[in-house]
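Below, chains carry the letters A, B, ... as their sequence lines are ordered, and counting in each starts from 1.
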Protein chains: 2
Amino acid sequence: MARGSTRPTSRDVAQAAGVSQAAVSLVLGDKWRGRVSATTAERVREAAHELGYRPNLAARNLRLGHTRTVLLVVPALTTEFFGGVYTGAARVAAQHGFGVVLYPSPEGIGPARDPFASAQAALDGVIASSMAADALTAIRGDQLPLVMLDSDPEGSLGAATVNLDITDGVRQVADHLLSLGHRSFLHLAADIASWTFDVRARELATRLSDVPGTLLRTARAPISIEDAVTAAEAALSAPGPRPTALVCDDDKLAAGAYKAARRLGLRIPDDLSVTGLDDLALAQALDPELTTVRLDAELFGERGMRALLAVLEGRTPAEGDIPVDLVVRGSTAPPGR
Amino acid sequence: MARGSTRPTSRDVAQAAGVSQAAVSLVLGDKWRGRVSATTAERVREAAHELGYRPNLAARNLRLGHTRTVLLVVPALTTEFFGGVYTGAARVAAQHGFGVVLYPSPEGIGPARDPFASAQAALDGVIASSMAADALTAIRGDQLPLVMLDSDPEGSLGAATVNLDITDGVRQVADHLLSLGHRSFLHLAADIASWTFDVRARELATRLSDVPGTLLRTARAPISIEDAVTAAEAALSAPGPRPTALVCDDDKLAAGAYKAARRLGLRIPDDLSVTGLDDLALAQALDPELTTVRLDAELFGERGMRALLAVLEGRTPAEGDIPVDLVVRGSTAPPGR
DNA sequence: AGCACCACGTGTTACGTATAACGTCCCTGG
DNA sequence: CCAGGGACGTTATACGTAACACGTGGTGCT
């Protein structure tokens with residue numbers, strides 16, 4: 001634990017350069033114009049480089065009272081989606097001199113489901129996906145500035161929310177399938193208690209209920225390919241007329257549906273149209289390629305970070321959901337006859 | 001930035017409980033046995049809870065001289081693999097009272113390619129994947145305890161290394177395909193300068209060179225499905241005898257190869273056997289399911305963290321590569337005739 | 001000459017925490 | 001009746017940094 005030679009401090013640099021510690025702080029903090037001569041400044045920088053000086057972040061954070069670091073709480077990283085969210089958030093954070101620390105919600109990590117215990121960094125604010133539901137109670141307790149991602153605007157008291165326009169995405173899916181002539185639907189729903197999935201179910205139901213003669217059934221599965229296979233296989237081989245359109249809450253579920261269809265000897269899209277949601281790389285790897293709703297993960301992260309920045313500066317975050325687009329590929333077609 | 005009411009400090013708690021700040025520190029640090037009465041301790045805890053007190057991490061870190069936080073540097077999260085690595089690392093870290101901060105290497109993130117600028121947390125050590133090559137130069141400069149993942153044991157001076165036994169994985173792939181009767185190979189290689197990919201190429205070449213009459217060609221593509229499609233399509237439609245076996249550096253490349261094969265009208269595995277490496281969820285979503293090498297990402301992360309813990313405590317990390325397993329599925333078969 | 005002002009720094013302080021060192025009581029045994 | 005020690009706290013200090021407040025000569029201007 002104790003290293004032989006301790007790290008050099010700004011005082012060490014000061015001594016090496018023959019100046020006071022204050023001067024070092026000025027120079028390295030780039031606040032020396034008009035306070036320190038250019039030659040002295042250069043001497044300080046040299047000494048710092050020579051000693052391999054790195055400022056002690058803990059001390060700086062303590063002194064400054066803030067860390068310019070925010071925490072991004074996301075579900076377990078089983079998909080590239082939240083990688084994109086991070087990328088977007090980190091990009092705009094960097095432009096404002098902020099850092100982003102990523103906290104994937106625990107799947108059996110340790111006893112304490114407390115993001116702040118694991119990401120022990122001192123934080124200025126938090127961006128949290130509502131899908132990381134288990135971590136939220138811990139976050140609520142903290143009075144840190146908070147932005148919620150994909151969360152019920154009504155339900156998240158006080159906290160700003162940034163949402164994808166999932167409602168519109170589901171509407172586009174429903175309209176697409178309806179206009180192809182489908183009337184018998186199966187909804188393969190994610191078995192997760194989260195607002196963003198509730199929205200999918202609700203919007204699909206209301207959209208279909210506008211059209212007389214439509215039928216909607218629902219199956220549930222955790223978001224994993226294997227679980228989706230069994231759930232879809234069971235639902236598709238249930239008694240009664242077979243659905244002609246399968247709307248999945250997620251591309252991964254759709255991938256499971258593909259396998260289930262293969263097992264049952266159903267051809268996609270001839271016997272069964274399938275749609276997903278996310279537009280993961282997976283979507284284009286499937287055969288036929290998956291009709292799905294593209295979510296712009298990076299933009300999502302950007303908007304989240306901008307909203308948090310606004311909260312941090314006392315402004316009110318921009319309103320408006322993030323638009324999403326239906327990408328029609330080969331997995332949807334008119335129902336076979 | 002400046003909140004109306006500043007966060008309560010341990011001194012505020014002390015005042016509320018009618019004790020000194022030291023007593024608060026003792027109680028909350030669980031070091032009060034024999035120093036503070038149980039009733040007083042309870043009173044302190046109540047006051048702390050009442051005020052919503054959270055210790056200031058920056059101050060604690062400064063005082064303690066360490067943070068019990070380590071940084072995990074990985075490539076951009078385009079796959080679930082490094083999510084698994086994080087999970088494993090975070091689990092053993094939590095068992096030892098450590099936190100893990102995840103730093104996905106920048107893909108166009110900000111100007112500074114410096115993980116320490118982005119993850120501004122004060123750190124005790126670093127675990128870095130050699131695939132995040134662009135971040136490494138920045139890391140080298142720091143004298144933090146370092147563990148390298150999937151890195152050349154010779155090349156990473158001083159730093160401990162933890163590696164998957166990729167060499168053995170490639171050997172298993174080669175043996176599998178050879179025993180099926182294949183003699184004409186195409187290697188679809190990741191277009192990334194990294195030791196772990198060099199190893200794949202080297203081992204495949206030497207393994208095949210042991211068997212007279214084998215042919216090995218190579219195509220390169222960045223690790224993305226689209227790039228893999230074009231590279232594989234070009235290579236498979238090149239003049240000369242068509243390879244019967246396609247060894248991919250990665251499951252994603254294999255997914256691209258599937259699409260290329262479809263476009264060329266080649267059936268898998270009848271006309272072309274394909275293998276991957278990683279065993280992502282993707283592997284089982286493909287049709288036919290992909291024969292691939294399973295890498296245990298969580299174990300990888302665990303071993304990485306254990307090694308770093310060892311370095312931190314002055315012990316020498318355990319030796320030995322992490323075993324990997326070939327998973328034979330439907331994408332490989334004897335060459336058609 | 002007198003005065004303001006600038007260039008070039010230095011001394012000192014506070015951030016919030018953990019802990020070493022130091023007091024009081026009060027009880028108990030001899 | 002006093003020494004000794006536990007029980008229960010308190011006081012003081014240091015961690016490394018940023019920044020405020022304060023010199024101290026010299027120089028230009030009137």
How many Å lie between [atom1] on [X] and [atom2] on [N], as a whole number?
{"X": "H66(A)", "N": "dT17(D)", "atom1": "NE2", "atom2": "P", "result": "16 Å"}
{"X": "L64(A)", "N": "dC20(D)", "atom1": "CG", "atom2": "P", "result": "11 Å"}
{"X": "D30(B)", "N": "dT17(C)", "atom1": "CG", "atom2": "P", "result": "17 Å"}
{"X": "Q21(B)", "N": "dG9(D)", "atom1": "CD", "atom2": "P", "result": "16 Å"}
{"X": "N61(B)", "N": "dC15(D)", "atom1": "CG", "atom2": "P", "result": "16 Å"}
{"X": "R35(B)", "N": "dA7(D)", "atom1": "CZ", "atom2": "P", "result": "12 Å"}
{"X": "L62(B)", "N": "dT13(C)", "atom1": "CG", "atom2": "C1'", "result": "15 Å"}
{"X": "L28(B)", "N": "dG9(D)", "atom1": "CG", "atom2": "P", "result": "15 Å"}

Looking across every strand, which nucleic acid part, if any, lies under 4.0 Å from V19(B) by heavy atom: base, sugar-phosphate, or nothing? sugar-phosphate

Residue pair D124(B) / T67(B), side-chain donor-acceptor N/O under 3.5 Å: yes

Without hydrogens or angle criteria, can the side chains of T39(B) and S37(B) be said to hold a donor-acceptor pair below 3.5 Å? yes

Under 4.0 Å between a side-chain N or O of [X] and OP1 or OP2 of [N]?
{"X": "S10(B)", "N": "dT17(C)", "value": "yes"}
{"X": "T40(B)", "N": "dC8(D)", "value": "no"}
{"X": "T9(B)", "N": "dG16(C)", "value": "no"}

Side chain of [X] only, heavy atoms from C-beta on: which candidate in [options] is closest?
{"X": "A23(A)", "options": "dT10(C), dT17(D), dA19(D)", "result": "dT10(C)"}
{"X": "S37(A)", "options": "dC8(C), dT10(C), dT17(D)", "result": "dC8(C)"}
{"X": "R11(B)", "options": "dT17(D), dT17(C), dC15(C)", "result": "dT17(C)"}
{"X": "A59(A)", "options": "dG16(D), dG16(C), dG9(C)", "result": "dG16(D)"}

Along DNA chain C (nearest heavy atom to each residue), the more 5'-positioned of A38(A) and R60(B): A38(A)

Of N56(B) and G34(A), whose nearest nucleotide on DNA chain C comes first from the 5' end? G34(A)

By the definition side-chain contact (heavy atoms from CB on, under 4.5 Å), identify the one residue from L102(A), L308(A), V126(A), V147(A) that meets it with L72(A). L102(A)

Evaluate whether atom CD of Q15(B) has more than 12 neighbouring non-hydrogen atoms of other residues, nucleotides or ligands under 6.0 angstrom away. no

So for atom CD, which belongs to E50(B), do other residues, nucleotides or ligands contribute more than 12 heavy atoms lying within a distance under 6.0 Å? no

